[in-house]
**Q** 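Pasting in a structure now, in structure tokens, and then I'll have a few things to ask.
First the proteins, then the strands, lettered A, B, ... as listed; each starts at 1.
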Amino acid sequence: MLPHKQIELSLQTAVRAVLPDADVAAVLVRPCDPKFGDYQSNALMSLAKTRKLNPRQLATDVVANLDVSAVCEKVEIAGAGFLNFRLKNSLLGQTLEAAARGEHLFFAKAAQPKTIVLDFSSPNVAKPMHVGHIRSTGIGDALQRTLRLLNHRIISDNHIGDWGTQFGKLLLGWKQILNRAELERDAITELERLYKVINAECDANPARLEEAKSELVKLQAGEAENTAIWKEMIALSQKQFDTIYGRLGVRFEQALGESFYNPWLGEVVNELLRRGIARESEGAVGVFSDGSLPQKEDPFLVNRDSEWVADPALVRKSDGGFNYMTTDLATIDYRLKTWSPKEIVYVVDDRQSGHFKKLFLTFARWKSEEAKNTKLVHVGFGKIMGEDGKPFKTRSGDTVKLSDLMDEAEERAFKIVSEKSPALPETQRKEIARVIGLGAVKYADLLPNRQSDYVFSWDKMLALQGNTAPYLQYAYARIKSIFRKAAETFNVQHSTPNIQLAAPEEFALAKHLLNFGITLEAVADELRPNYLCNYLFELAVHFSRFFESCPVLKADDEAARHSRLALCDLTARVLKQGLDTLGIEVVEQM
RNA sequence: GCGCCCGUAGCUCAGUUGGAUAGAGCACCUGCCUUCUAAGCAGGUUGUCGCGCGUUCGAUUCGCGCCGGGCGCACCA
């Protein structure tokens, strides 16, 4: 068991001894400012507050019942009632040695693994994937990797947009203006062109719109020709998705598109109608407020001219078609029946938060038992802005395609790699550029708090200085370089080294390694990969300081050399594992 | 109009149950490569945490009211 967990459990036991009825779940320890110690708990102050106790007195009583002598030096009570813990050096050494033997990598698997459905990325058929998909895909992938690492069962499901009104226009375009040669050359661009041309015509000419609608009706009715074309469009899009996800290194357990749920949509609406959850209005069918929430908090109400009016969740349009609320309801139902998840997490743009509020409330009304046992979570995120402060676009004002973005990242990285390491063969420089370019883009996207908008800047992410992926990859490459040199100079020893820490840089690095697991758990609890980014950046900073001031291969004696090599190896392993958890690769040399 | 999100250093942003003197990167200045990768390290400068009131031993964090910005408000997803 990792030291901080031992402290936590001992502390909880001590708290229970003093306050038998206290809820100790919130009695936790956190890494803290080194001037106070290695770990700190401030839980006693809030316990004292709710019970109107003197916090210093409570702390004194708890410490009297606390036995952490195997783990820590004397526990200090400080300030208003903080408990400060300083690890015993012997235990720190033992923990590192156990890690060096491969017994752990500073994190523990979840005691109670959960089944979680993760819904992310969700690109649309017949459209190019663009920057708008980076955040959902990158955050979603980092979350699935984190949760899997902690032993949870994750069903990642790509809810592809393969159904909807746009197919009427696409079908019309396919039949009338398709350029077969272009379709073979670049299918997505040609499909996009079809949509744009027909869409413009529909805007200008209602008769064209009627034509498109009738194509859609035929598709929805299962007419053979349109169904065949639709399937071909999906297949062509799937190729694009496969290429891009391949480059990104993102995998899904499932890719059940919207159309998968078509067979159930009619019954969903019928049941909602039958049970009075939905009703007809202006020809459409919608779910309206049931009045169970205060007006201000009710997503089914909107205030217009200081009057609260209905803002229903429509589940059937007046033309009889269904919309995405219906599909999403059927999707939840299917997921629950198929996988019995504890949670369903949607990694989707914050702008859809209103939709999810309505969706979750509607589902709770529809299937109240299931809803009680399942947590539905919307993990929202902000927009990507250009350096002009407006949504990120190309110079000509188009959305930036993901494939172009990745190409440019690799090209820019290649220039820098060639400049910094001209001696490396070109094939190797290309591979390094691929890993660094892609890593820089992914990291820049994961680093900001997900809920805020962030500014996309090539120069910032590929300046390759400061808190960027290349800085972390560089730290890793430097470690690997040490081991290459070590292999030339010494017989590489596989015996377990004794860790002996002396320099302050060694202690700081070692103690930071121990916090990997706390960080992973924080990412999992709050679904925020940026915590891991910051942890890894700090780890790289600690390593760089160590690297500057503590010679490894030229250490004073063999024992120190072995100890430092072990520290290097553990740092490399955590860096690699951590970056992998963010979906970012490393290179041995750069 | 109503709701949601945001406002922290010149710029871009962190800030983990409310905690101790609010942090990082960039930019700017000064040192450090005949010694493990200088894509680095060490040091220096930078703040009415939008404004006000309240709760609290303690507020960037919680509540209320303003100001400023973004987004969303029935048959697109």
**Q** Contact class for A/Tyr471 vs. all strands (heavy atom < 4.0 Å): base, sugar-phosphate, or nothing?
**A** sugar-phosphate
**Q** Can you check the distance between B/rA59 and B/rC51, where both ends of the measurement are the C1' atom (answer in whole Å)?
**A** 16 Å
**Q** Is any N or O donor-acceptor pair between the side chain of A/Asp328 and the base of B/rA77 shorter than 3.5 Å?
**A** no
**Q** Between B/rU37, B/rU12, B/rA20, which one does the side chain of A/Val455 approach most closely?
**A** B/rU12
**Q** Is it true that A/Arg564 and A/Glu506 have a side-chain N and a carboxylate O under 4.0 angstrom from each other?
**A** yes
**Q** Could you tell me whether A/Glu307 and A/Arg304 make a salt bridge, using a distance below 4.0 angstrom between a side-chain N and a carboxylate O?
**A** no
**Q** For the C1' atoms, the ones on B/rC49 and on B/rU21, what distance do you get once it is rounded to whole angstrom?
**A** 15 Å
**Q** Describe the nucleic acid contact of A/Asp319 in one word from base, sugar-phosphate, nothing, applying a heavy-atom distance below 4.0 Å.
**A** nothing
**Q** Need the pair for B/rC32. Rule: Watson-Crick or G-U wobble, both distances under 3.5 Å, any strand; none if unpaired.
**A** B/rG40
**Q** On a whole-Å scale, what distance lies between the P atoms belonging to B/rU12 and B/rA74?
**A** 33 Å
**Q** Please determine if A/Glu192 and A/Lys196 form a salt bridge, counting it only when a charged side-chain N lies under 4.0 Å from a carboxylate O.
**A** yes
**Q** Just the rounded figure in Å: distance from C1' of B/rA74 to NZ of A/Lys358.
**A** 8 Å
**Q** Taking B/rU16 as the reference, what is the distance to B/rC53 when you measure between their P atoms (whole Å, please)?
**A** 25 Å
**Q** Could you tell me how far B/rA14 sits from B/rG7 if I compare only their P atoms? Round to whole Å.
**A** 8 Å
**Q** Which nucleotide wins on minimum distance to the side chain of A/Arg478, given the candidates B/rC73, B/rU17, B/rU37?
**A** B/rU37
**Q** Looking only at side-chain atoms of A/Leu553, point me to the closest of B/rG72, B/rC36, B/rU17.
**A** B/rC36
**Q** Between A/Glu548 and A/Arg545, does any side-chain N to carboxylate O distance fall below 4.0 Å?
**A** no
**Q** Please classify the nucleic acid contact of A/Ala475 as base, sugar-phosphate, or nothing, using heavy-atom distances under 4.0 Å.
**A** nothing
**Q** So, under a plain 3.5 Å distance rule, would you say the side chain of A/Ser353 forms a donor-acceptor pair with the base of B/rC4?
**A** no
**Q** Quantified in whole Å, what is the P atom distance between nucleotide B/rC64 and nucleotide B/rG70?
**A** 24 Å
**Q** Classify A/Lys49 by what it touches in the nucleic acid, base, sugar-phosphate, or nothing, heavy-atom distance under 4.0 Å.
**A** base
**Q** What's the gap between B/rG10 and B/rC67 when it is taken at their C1' atoms, as a whole Å value?
**A** 23 Å
**Q** Determine whether any donor atom in the side chain of A/Tyr474 lies under 3.5 Å from an acceptor atom in the base of B/rA39, or the reverse, and answer yes or no.
**A** no
**Q** Go through B/rG70, B/rA39, B/rU17 for me and flag the one nearest to the A/Asp453 side chain.
**A** B/rG70
**Q** Does the side chain of A/Ser452 get closer than 4.0 angstrom to OP1 or OP2 of B/rA14 through an N or O atom?
**A** yes
**Q** In the structure shown, which nucleotide is the Watson-Crick or G-U wobble counterpart of B/rG7, with both distances under 3.5 Å?
**A** B/rC67
**Q** Would you mind checking if A/Glu210 and A/Lys169 are paired as a salt bridge, meaning a charged N to carboxylate O distance below 4.0 Å?
**A** no
**Q** With heavy atoms under 4.0 Å as the rule, sort A/Glu282 into base, sugar-phosphate or nothing.
**A** base
**Q** Expressed as a whole number of Å, how far does the C1' atom of B/rU17 sit from that of B/rC62?
**A** 13 Å
**Q** Is the shortest distance from a Lys or Arg side-chain nitrogen in A/Asp350 or A/Lys383 to a carboxylate oxygen in the other one below 4.0 Å?
**A** no
**Q** What nucleotide, of B/rU17, B/rU16, B/rG70, holds the atom closest to the side chain of A/Ala26?
**A** B/rU17
